Amino acid sequence: MNIKEKYEMSKKEYEKWGLDVDKILEELSRVKISIHCWQGDDVTGFEKTQNALSGGIAATGNYPGKARNGEELRKDLDKALSLIPGKHKVNLHAIYAETDGEVVERDQLKPEHFKKWVDWAKKNGLGLDFNPTIFSHPKAADGLTLSSPNKEIRDFWIRHCMASRSIGEYFGRELGQTCLTNIWIPDGYKDVPSDRMGPRKRLKESLDEIFSQKIDKKYNLDCVESKVFGLGAEAYTVGSSEFYISYAARNNIMSLMDTGHYHPTEVVSDKLSAMLLFNDKVALHVSRPVRWDSDHVILFDDEIKELSKEIVRNNALGRVIIGLDFFDASINRIAAWTIGSRNMIKSLLSAMLTPNDKLKELQDTGNFTERLALMEEFKTYPMGDIWNYYCEKNNVPVAEKWLDNVKDYERTELSKRS
Ligand code: RNT
Ligand code: ZN
C-alpha cells in the first residue's frame with residue numbers, strides 16, 4: 001500500500017467518530033508556528049562585539065556547523081523549513097540585526113537593519129516575529145535591566161524595547177502579517193531580596209513608558225513573558241507570572257507562557273483554559289524543560305499533546321499564538337528545528353484527530369470510565385498514516401526520510417564551516 005492508500009484506510013477509523021479528516025488536514029495547513037531563528041546559532045547573534053550568552057539561560061554542546069551570519073542562518077532555515085509541513089513564521093531577536101560591519105547599539109536599531117530578513121521573508125511568503133534582546137550585553141551584566149535601580153540602564157533598555165516595537169511594526173507592514181513582539185528580561189536576584197516590590201515597581205514603570213509609544217496593532221502586537229527563575233537568579237525573578245499576567249490584563253497586551261518557566265509540576269496545558277477565559281489571545285513558547293528551563297528540543301510527549309488538545313478542543317487555534325523556544329547545541333541544528341517543529345504540528349494533528357466533543361460529553365454525564373477508556377484507546381489509533389499523508393501532501397519528506405536531507409546538507413554545507 002502506498003501512503004495515500006494507507007491514509008484512505010486509516011481515515012475511516014476516525015470517520016467512525018464523526019471526524020472529517022480531509023477537513024482537519026486543511027485546517028492544520030492554515031496553522032502557523034513561529035519558528036525561532038536562535039536554534040540555528042545557539043542564541044549567538046551577529047553583533048560585532050560578540051557578547052557571551054547571559055541572562056541565566058544556556059545553550060550547551062558544540063556540534064559543528066553553526067550559522068555565523070545572516071546568509072548562513074537563512075540558508076539553514078530554508079533547509080529546515082523545507083522539511084516542515086505548512087507555511088510558518090520565523091521569530092527573530094534583535095541580535096540578528098545586520099549592520100554591514102558597523103557597530104550599532106541596541107537602542108539605535110532601525111528597521112533597515114532587518115531589511116535582509118524582510119526581503120527573505122517576502123520571497124518565501126513567511127511572517128516575522130520579533131524580540132528585543134535584553135541579555136548578553138554589558139548593560140545587563142549585573143542581571144538587572146528594565147528593573148534596574150540605575151536609571152541610565154533602565155532608559156537604555158526602554159529605548160531598545162521601543163526600537164524593537166518599531167521594527168515589529170515594520171515587519172507587519174511589509175509582510176502583511178501581524179508581528180508579535182515579545183519582551184522577556186532576565187532580571188532577578190541570586191539570593192533572598194530585601195526588597196521585592198521595588199524592582200517590580202520599576203519594571204512596571206519601564207513597561208508603561210515602552211507601551212506609551214503608540215504602534216498600530218494591525219502590524220504589531222505586544223506580549224510579555226514571565227519566568228520563575230534563571231541561573232544566577234534563583235531566589236527572585238522580577239517578571240514573575242503574577243506580575244505579567246496582571247500587567248498584560250490591565251494594559252491590554254498579551255501574556256506569553258513559556259512551558260519551561262514554571263515549577264516542575266506545573267503545566268501550561270492546565271493554564272491555557274483559564275487564560276483563554278480572560279484574554280482574547282495568548283502566546284506560547286513551547287519548549288522542554290529537563291530538570292530546569294533547559295530548552296531541550298520538544299518531543300511528541302504527553303505534555304505537548306495535552307497542550308495541543310487544550311488549544312484544539314477549546315477552538316482556540318486562532319487565539320493561541322504558538323512559538324517555539326528551544327536551543328540544543330549538541331545535535332545537528334537543522335535536525336533540532338525539524339524534530340521540534342514537526343512534533344509541534346504532529347501534536348496539533350493528534351488533538352484534531354480526537355473526538356473532543358464526545359469526550360466532553362462523557363465528562364459532563366459523569367461517565368469517567370468511558371472517558372478514560374476512549375482517551376487511552378485513541379492513543380494507538382493510526383495517526384501515523386494521516387501524518388505521513390499530510391507530509392506527502394505538503395511536499396516534505398515522509399517519516400524519517402527528512403534525515404537524509406539533513407545528512408546531505410551537513411556534508412555539503414555545514415561541514416565546510418569552521
Ligand atoms: C528565556 C526565555 C526567552 C529566551 C529567548 C531566547 O528563559 O525563554 O524567551 O529563551 O528569548
Ligand atoms: Zn521563552
Side-chain angles (χ1 to χ4, degrees), residues 33-47 51-60 66-67 73 89-97 106 128-137 140 143-146 157 160-161 164 167-168 179-188 222-234 236-241 243-245 248 254-264 266 268 271 282-298 304 307 320-329 333 336-337 340 344:
I33 308 294
S34 183
I35 298 171
H36 55 313
C37 78
W38 53 91
Q39 165 62 75
D41 75 337
D42 319 334
V43 211
T44 306
F46 312 143
E47 284 178 332
N51 303 300
L53 181 57
S54 78
I57 57 178
T60 54
K66 82 170 180 177
L73 190 54
K89 294 179 93 182
V90 168
N91 200 0
L92 299 178
H93 242 284
I95 47 172
Y96 295 90
R106 290 190 201 168
L128 290 176
D129 291 316
F130 200 58
N131 305 260
T133 310
I134 316 177
F135 51 85
S136 307
H137 190 277
L144 296 169
T145 63
L146 290 175
W157 293 114
H160 176 50
C161 287
S164 295
I167 292 163
C179 170
L180 183 69
T181 297
N182 171 48
I183 295 183
W184 172 74
I185 58 165
D187 300 31
D222 297 290
C223 67
V224 281
E225 178 181 7
S226 69
K227 191 162 175 172
V228 63
F229 85 97
L231 292 179
E234 285 85 358
Y236 166 79
T237 292
V238 183
S240 59
S241 178
F243 176 90
Y244 278 130
I245 288 177
M254 236 183 286
S255 275
L256 184 145
M257 295 187 288
D258 181 306
T259 59
H261 288 191
Y262 298 90
H263 283 285
E266 276 186 274
V268 172
K271 299 177 186 298
V282 179
L284 295 179
H285 267 182
V286 186
S287 191
R288 179 167 56 107
V290 178
R291 303 188 192 281
W292 72 291
D293 181 28
S294 58
D295 292 299
H296 278 65
V297 176
I298 56 176
I304 200 177
L307 188 64
V320 180
I321 301 185
I322 306 170
L324 306 180
D325 185 10
F326 50 80
F327 32 98
D328 188 337
R333 295 170 184 80
W337 264 322
M344 185 68 237

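Start at 1 and go down the list; that is how both ligands and their atoms are numbered. These figures come from a predicted structure and were not determined experimentally.
- Residue-to-ligand polar distances keep N131 apart from ligand 1: every N/O pair is separated by 3.5 Å or more.
- No donor-acceptor pair under 3.5 Å is formed between the side chain of D42 and the backbone N or O of T44.
- Counting only distance, with no hydrogens or angles, the side chain of S164 and the backbone of N131 share no donor-acceptor pair below 3.5 Å.
- Atom SG of residue C161 and atom CD1 of residue I183 lie 4.0 Å apart, to the nearest 0.5 angstrom.
- Atom OD2 is the N, O or S atom of D258 at the shortest distance from the Zn ion (ligand 2).
- The distance from the NZ atom of K271 to the CE atom of M257 is 7.5 Å, given to the nearest 0.5 Å.
- Here is the list of ligand 1 atoms found below 4.0 Å of a heavy atom in I57: 1 (C), 7 (O).
- Atom OG in S34 sits 7.0 Å away from atom NE2 in H285 (nearest 0.5 Å).
- By the 3.5 Å distance cut-off applied to N or O atoms, W38 is not counted among the residues near ligand 1.
- Here the rule is salt bridge (Lys or Arg N to Asp or Glu O under 4.0 Å) with K227, and of D325, D293, D187, D258 only D293 fits it.
- Nearest N/O/S atom of H285 with respect to the Zn ion (ligand 2) is recorded as ND1.
- In this model, no donor atom of one side chain and acceptor atom of the other lie less than 3.5 Å apart for D129 and N182.
- Atom 7 (O) of ligand 1 has K227 NZ, 2.7 Å as its closest protein atom, hydrogens excluded (heavy atom only).
- Short contacts between ligand 1 and D258, defined as distances under 4.0 Å to a heavy atom of the residue, involve ligand atoms 8 (O).
- Taking the Zn ion (ligand 2) as reference, E225 places its N/O/S atom OE2 nearest.
- Where the criterion is an N or O separation shorter than 3.5 Å, residue side chain and backbone included, H285 meets it with respect to ligand 1.
- Residue-to-ligand polar distances keep W184 apart from ligand 1: every N/O pair is separated by 3.5 Å or more.
- Residue, atom and distance of the protein heavy atom nearest to atom 10 (O) of ligand 1 are D325 OD2, 2.8 Å.
- Taking the six-membered ring for Trp and thresholds of 30 and 60 degrees, W184 and H261 have ring planes inclined between 30 and 60 degrees apart.
- Remark: ligand 1 and H93 share an N or O pair separated by less than 3.5 Å (distance only, no angle test).
- Looking only at its N/O/S atoms, D325 has OD2 as the one nearest to the Zn ion (ligand 2).
- The aromatic rings of W38 and H36 sit perpendicular, their planes meeting at an angle over 60°, well past the 30° parallel limit.
- Less than 4.0 angstrom separates some heavy atom of H261 from each of these atoms of ligand 1: 1 (C), 2 (C), 7 (O), 8 (O).
- A distance of 5.0 Å separates CG in L92 from CG in L128, rounded to the nearest 0.5 Å.
- Only the side chain of D293 comes within 4.0 Å of ligand 1, counting heavy atoms alone; its backbone N, CA, C and O stay farther away.
- In E225, the part holding a heavy atom less than 4.0 Å from any atom of ligand 1 is the side chain.
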